[in-house]
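Keep in mind that the numbers below use all heavy atoms, side chains included, and drop hydrogens, waters and symmetry copies. Numbers restart at 1 for each chain; the letters A, B, ... are given by sequence-line order, proteins then strands.
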Protein chains: 2
Amino acid sequence: MTVIPKDCGFSTALGVIGGKWKVEILCELQKTPRRFGRLRQLIPGISEKMLAQQLREMEADGLVRREVHDASPPKVVYSLTDHGNTLNDGVASLCQWGEGHLRRTHRAPSEPALHAV
Amino acid sequence: MTVIPKDCGFSTALGVIGGKWKVEILCELQKTPRRFGRLRQLIPGISEKMLAQQLREMEADGLVRREVHDASPPKVVYSLTDHGNTLNDGVASLCQWGEGHLRRTHRAPSEPALHAV
DNA sequence: CAGCATCCCCATTGATACTG
DNA sequence: CAGTATCAATGGGGATGCTG
């Protein structure tokens, strides 16, 4: 059984992927690079503001790469950096844990939640 | 506690260990069972309210076992359940990730000042 | 000692509207 | 299309005080 170190960087990791939508964005970008509008479609319920905001934070954290293709209409493609990809293992572990324990908690998940990371 | 809507089981996992202090509690209880007051000492900065609250939530989630030894003064011992222990791998992964990327970025004032969890 | 009860703050999120 | 700007609400969490 892995041991959690006393001074673990969990807060750091959470600061980077703890945002309400970041794991979903991670999920999508991990499959393939996406455009802004496509991400909106793929992540139901997210507002433009939040998508832009979280993407910007993830970009600042070096998780996401933003490529602007000058054209009309505008085109911006987001993709995961190698740095961002290194998060997958840990996140996937917790995802699996969550899927294996969808038992009732004090806070109803309410969502089926399927696509694994 | 931050709640991520529909996605993979990550939201479930976060709902369970996403609390501001839960990973620290996990760290301590993973070593050995502890009493309430001892946890307070071991987790600098946590208030009684939050400690009690987070422990209750973790208990409700089946992560923590609470044993009351009737005595004067009162004595309550907390320990991790097997269920709680299954979280270690995933959490440890993210902990390690965080340790490898301790570079601060844009993160705002709400952040608990990164006192290494 | 353990741990509820209250009051209050403010950061995060949501809604809505506007723009290059 | 891909954002930015502004305003308002929600609720997590801090501080303090009280009790079995």
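Listed pair R38(B) / dA2(C) fails the phosphate criterion, with no side-chain N or O lying under 4.0 Å from OP1 or OP2. Distances shown here put every side-chain N or O of R35(B) at or beyond 4.0 Å from the OP1 or OP2 atom of dC1(C). Under 4.0 angstrom from either OP1 or OP2 of dA2(D) there lies no side-chain N or O belonging to K49(A). Phosphate contact (OP1/OP2 of dG13(D), side-chain N/O of Q54(B), threshold under 4.0 Å): present. The side chain of R56(A) contributes an N or O atom lying less than 4.0 Å from OP1 or OP2 of dG3(D).
Listed candidates were dC4(C), dT6(C), dA2(D). Nearest to the side chain of P74(A) is dA2(D). The side chain of P73(A) has dC1(D) as its nearest neighbour among dC4(C), dC1(D), dG13(D).
Look at CD on E48(A): it is 12 Å from C1' on dT19(C), rounded to the nearest Å. Going from atom CD1 of I46(A) over to atom P of dT13(C) covers 10 Å, rounded to whole Å. Atom C1' of nucleotide dA2(C) and atom CG of L55(B) are separated by 11 Å, given to the nearest angstrom. Summarising the geometry, the separation between CE on M50(A) and C1' on dT10(D) is reported as 14 Å, rounded to the nearest angstrom.
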For this session: Before giving the answer on side chain to side chain donor-acceptor pair (under 3.5 Å), spell out for R38(A) and Q41(A) the whole-Å C-alpha distance, their side-chain angles and the decisive distance to 0.1 Å.
Result: CA-CA 5 Å; R38(A) 184 64 181 142; Q41(A) 297 170 0; 2.6 Å; yes
For this session: Apply the test side chain to side chain contact (heavy atoms under 4.5 Å, CB included) to residues H69(A) and V77(A): give CA-CA distance (whole Å), side-chain angles for both, the deciding distance (0.1 Å), then the verdict.
Result: CA-CA 8 Å; H69(A) 301 262; V77(A) 176; 3.9 Å; yes
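Within the 4.0 angstrom heavy-atom criterion, no nucleotide atom of any strand lies near R40(B).
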